[in-house]
There are 2 protein chains.
Amino acid sequence: MRQTSVADDVTRAAVELFAAQGYANTSVQQIVEAAGVTKGAMYHYFESKDDLLFGIYDRLLAMQKRRMDDIVARGGAVDDVLRAVCIDVMETSIASLQEGTVFFRSAHMLSAPRQQEVTRRRREYNDEFAALLERGQSEGLYRTDIPRSVLIAHFFSDTHYLPQWYSPEGPEDATLVAEQLTDLFLRSIRA
Amino acid sequence: MRQTSVADDVTRAAVELFAAQGYANTSVQQIVEAAGVTKGAMYHYFESKDDLLFGIYDRLLAMQKRRMDDIVARGGAVDDVLRAVCIDVMETSIASLQEGTVFFRSAHMLSAPRQQEVTRRRREYNDEFAALLERGQSEGLYRTDIPRSVLIAHFFSDTHYLPQWYSPEGPEDATLVAEQLTDLFLRSIRA
DNA sequence: ATCGACATACCGCGCGGTCGGTCGGCCGCG
DNA sequence: CGCGGCCGACCGACCGCGCGGTATGTCGAT
């Protein structure tokens, strides 16, 4: 029993179609047909196609932020916290492959103000991660001979690339891959 | 003195515009205006907008393949060859930031047969890299406790992500960053 | 005379978005 | 309890625009 299944159904269909054929190649007509609703119903809940796309970004960003906040709030040794954060973001990236595909491919299709909003929230997320790294560096755990921005980019590159190669049907287990990628990252930044 | 500057001018303008606003958001009209030619001239050299996009892929793929072939052909110790390959692909990725942006963002806008062609050639490239890794593993240089496909994905993730964060106007030197990213990768895969 | 290299006006299509209308349920009132 | 009216949820035919692509013409070189 959903409150309004229409908005959810439409969003789900949109994620699938955007991931499969791209935002620009997907017509609103296709989306509403896939969701089993009409155009009128969709435009009752969303202001525009752009609005629909932004909703996908909003949900993903909110979830990731919340998860990182939770882990950091639990506290503990920097090394443990960082490891937990890395594994978690890898796992959730794997769990949201379609959303990830849309996220990294269609950002430039958003209206300018919404692009800025997305950028702003991604920067927040980035800064929280950077702070963690910095703490580790000041404790002498992580190397300082490479700019922190490069270390951060090196990490996020893996989460970005996941939708491009990881297949749920493939042989690799999600949790295992998350641990392996985290291990590769942490080993490379150790002092 | 170019043979036909028109095709080159159009391609250059297309790369810039596609990178800045995306393939779907860029009209043929915009491209020809930016290139200082007319639509008729463009359609004299290109069959379609899709053709134009594929040209970008074709050039980039051909260049990367050739460069890797050259380095591998020069021979030497596996470790040196792999390091040289990594640094070179990082450097050329930085030198082709705009092409890279288009490459990773607009693949799904190509017609189906051309997508397959791109996939095929990327796989060739991938396999050549994998062979190098495998040689290193059989010599005991690189770890084998993580699937090779994960190691490869971990490497290519950096080249994919570069257009998203690296700025030529930024403080980081291109060659230096290429070396740093290569160093991070090689350290993480060492046995 | 021929032909390649363009120029330009034009076309049809498919898109995102709209708008007048329908319908069911619920609330106040007598 | 019945009834009028109102409102939110939804329908679907329709619109205008901008797009990719084309057809016909021009012109200079060979």
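Lettering follows sequence order; numbering is per chain, from 1.
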Using 4.0 Å as the upper bound for N to carboxylate O, is an ion pair formed by [Y] and [X]?
X	Y	result
B/Asp9	B/Arg12	yes
B/Glu117	B/Arg114	no
B/Asp70	B/Lys65	no
B/Arg83	B/Asp88	no
B/Asp79	B/Arg190	yes
A/Asp69	A/Arg74	no

Would you say the side-chain atoms of A/Gln115 pair up with the backbone N or O of A/Leu110, donor to acceptor, closer than 3.5 Å?
yes
Verify, without hydrogens or angle tests, whether B/Ser48 (side chain) and B/Asp51 (backbone) share a donor-acceptor contact under 3.5 angstrom.
yes
Among the candidates [options], find the nucleotide nearest to the side-chain atoms of [X].
X	options	value
B/Tyr43	C/dG16, D/dG20, D/dC10	D/dG20
A/Tyr45	D/dC10, D/dA13, C/dA5	D/dC10
A/Thr38	D/dG21, D/dG12, C/dA7	D/dG12

Return the residues of residues 24-33 of chain B meeting this criterion: a heavy atom under 4.0 Å from some atom of DNA chain D. Order them by number, or give none.
B/Thr26, B/Ser27, B/Val28
Rounded to whole Å, how long is the line connecting atom [atom1] of [X] with atom [atom2] of [N]?
X	N	atom1	atom2	value
A/Asp9	D/dC10	CG	P	11 Å
B/Leu52	D/dG20	CG	P	11 Å
B/Phe18	D/dG20	CZ	C1'	12 Å
B/Leu17	D/dG20	CG	C1'	16 Å
B/Met42	C/dT8	CE	C1'	15 Å
A/Glu47	C/dG17	CD	P	10 Å
B/Lys39	C/dA9	NZ	C1'	10 Å

Polar pair under 3.5 Å, donor/acceptor by atom type, side chain B/Lys49, base D/dG21
no
Suppose we screen for side-chain contact (heavy atoms from CB on, under 4.5 Å). Which residues come up paired with B/Ala153, at least two apart in sequence or across chains?
A/Tyr161, A/Trp165
Taking five pairs at each end, how big is the angle between the two axes of the helix from C/dA1-D/dT30 to C/dG30-D/dC1, to 10°?
0°
Please determine whether a side-chain nitrogen or oxygen atom of B/His44 lies at a distance below 4.0 Å from atom OP1 or OP2 of C/dA5.
yes
